Amino acid sequence: MSLDSLKSRLPDYAKDLKLNLGSVIGNSELPAQQLWGTVLATAIASRSPIVLRELEPEAKANLSPEAYQAAKAAAAVMAMNNVFYRTRHLLSDHEYGTLRAGLRMNVIGNPGVEKVDFELWSFAVSAINGCGMCLDSHEQVLRKAGVERETVQEAFKIASVVQAVGVTLDAEAVLAQPAE
């Protein structure tokens, strides 16, 4: 199982991450599509080759082909949107907020899966990428659709653990290489 393989790669000092990884993925109460779409989208957003290589096969096995593509699409479009909207929000000149974005993001309107699932995955990716505007926007859509706060929190718990595992394993991989 790739989840077990990923946990076994974590160093002793990251025992909390190992336990959290097992609980947020292995004991999640999210429906399988929401869970594995969140896992895949956040594994991509983590930018960790190790995490993506270990979690992608299990995500693919647990998702329909449409959901698999939609989770990847959520990671892709949010990689763009999180930079754009975070920058717009951080600029002290608020006139940028009145300008037309002019960026294609059609997949948000027609993701090929349930809108709530895509919104949850987009929210989780936004948590990793740190875009407050996107977090608020996706959280509001989810809440208006009747999604409970516990479900929203489940998504950002997964995002936080996947990101931390990626940071830790990537750092260990660098430290294991001989100095130049």
Side-chain angles (χ1 to χ4, degrees), residues 1-11 13-83 85-86 105 107-108 111-131 134-135 138-139 142 147 151-176:
M1 177 186 235
S2 56
L3 182 58
D4 289 336
S5 173
L6 193 58
K7 289 190 311 189
S8 73
R9 295 177 78 152
L10 286 165
Y13 68 81
K15 182 178 181 182
D16 289 331
L17 297 182
K18 186 181 300 190
L19 295 171
N20 288 331
L21 188 62
S23 68
V24 301
I25 296 175
N27 298 325
S28 176
E29 293 186 15
L30 292 177
Q33 181 164 296
Q34 287 184 354
L35 170 65
W36 288 104
T38 302
V39 169
L40 179 58
T42 58
I44 293 168
S46 79
R47 297 172 184 83
S48 171
I50 297 167
V51 167
L52 184 56
R53 256 189 257 112
E54 292 293 338
L55 293 177
E56 183 274 341
E58 197 163 350
K60 190 172 190 175
N62 282 283
L63 292 169
S64 68
E66 297 80 14
Y68 177 78
Q69 291 301 321
K72 292 194 314 181
V77 75
M78 295 318 297
M80 174 186 70
N81 284 357
N82 292 157
V83 171
Y85 288 105
R86 182 178 64 236
M105 44 191 105
V107 71
I108 294 173
V113 294
E114 291 293 324
K115 180 89 168 134
V116 165
D117 294 350
F118 192 82
E119 289 289 332
L120 192 68
W121 305 335
S122 297
F123 173 85
V125 170
S126 297
I128 289 177
N129 292 334
C131 179
C134 294
L135 284 167
H138 293 289
E139 189 267 349
L142 288 164
V147 175
T151 299
V152 174
Q153 180 171 290
E154 192 83 12
F156 67 84
K157 282 172 49 178
I158 292 167
S160 65
V161 173
V162 168
Q163 173 69 7
V165 168
V167 167
T168 302
L169 292 178
D170 289 353
E172 286 297 313
V174 169
L175 295 172

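These figures come from a predicted structure and were not determined experimentally.
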Supply the atom-to-atom distance [X] [atom1] to [Y] [atom2], rounded to the nearest 0.5 angstrom.
X	Y	atom1	atom2	value
I158	L30	CD1	CG	5.0 Å
D16	L21	CG	CG	12.5 Å
E58	L63	CD	CG	10.5 Å

Taking everything shown except E114 itself, do over 12 heavy atoms lie less than 6.0 Å from its CD? no
If you compare all heavy atoms of [X] against all heavy atoms of [Y], which two are closest, and at what distance to 0.1 Å?
X	Y	value
A155	F123	CB-CD2, 4.2 Å
N82	S126	ND2-OG, 3.0 Å
A73	V107	CB-CG2, 3.7 Å
F118	A70	CE1-O, 3.3 Å
L55	L3	CD2-CD1, 4.3 Å
L17	A164	CD2-CB, 3.6 Å

Derivation of the side-chain contact (heavy atoms from CB on, under 4.5 Å) call for E56 and Y68: CA-CA 9 Å; E56 183 274 341; Y68 177 78; 2.6 Å; yes
With sequence neighbours left out, write down each residue that passes salt bridge (charged side-chain N to carboxylate O under 4.0 Å, His left out) with K7, or none if nothing qualifies. D4
Suppose we screen for salt bridge (charged side-chain N to carboxylate O under 4.0 Å, His left out). Which residues come up paired with R86, at least two apart in sequence or across chains? none
Donor-acceptor pair, distance only, cut-off 3.5 Å: does the side chain of K60 make one with the backbone of P65? no
Taking R47 for the side chain and A45 for the main chain, is one N or O donor matched with an acceptor at less than 3.5 Å? yes
With sequence neighbours excluded, tell me which residues meet side chain to side chain donor-acceptor pair (under 3.5 Å) with S46. none
Show the numbers, then the answer: is there a side-chain contact (heavy atoms from CB on, under 4.5 Å) between Y85 and L135? CA-CA 10 Å; Y85 288 105; L135 284 167; over 6 Å; no
Residues pairing under side-chain hydrogen bond (donor to acceptor under 3.5 Å, both in side chains) where one sits in residues 160-175, two or more places apart or in two chains, turn out to be Y13-E172, S48-D170
Report the C-alpha distance between N129 and V125 in whole Å, list the side-chain angles of each, state the deciding distance to 0.1 Å, and finish with yes or no for side-chain contact (heavy atoms from CB on, under 4.5 Å). CA-CA 6 Å; N129 292 334; V125 170; 3.4 Å; yes
Who passes side chain to side chain contact (heavy atoms under 4.5 Å, CB included) against K157, sequence neighbours left out? V24, Q153, E154
Does E119 form a side-chain contact (heavy atoms from CB on, under 4.5 Å) with I108? I'd like the steps, not just the answer. CA-CA 8 Å; E119 289 289 332; I108 294 173; 4.3 Å; yes
Can you check whether V165 reaches V161 side chain to side chain, under 4.5 Å on heavy atoms? yes
Which atom pairs, donor and acceptor, lie under 3.5 Å between side-chain atoms of residues 31-42 and protein residues at least two apart or in another chain?
unit_1, atom_1, unit_2, atom_2, d
Q33, NE2, D117, OD2, 2.7
Q34, NE2, D117, OD1, 2.9
T38, OG1, Q34, O, 2.7
T42, OG1, T38, O, 2.8
T42, OG1, V39, O, 3.2

Is a side-chain donor-acceptor pair under 3.5 Å present for S5 with E54? yes
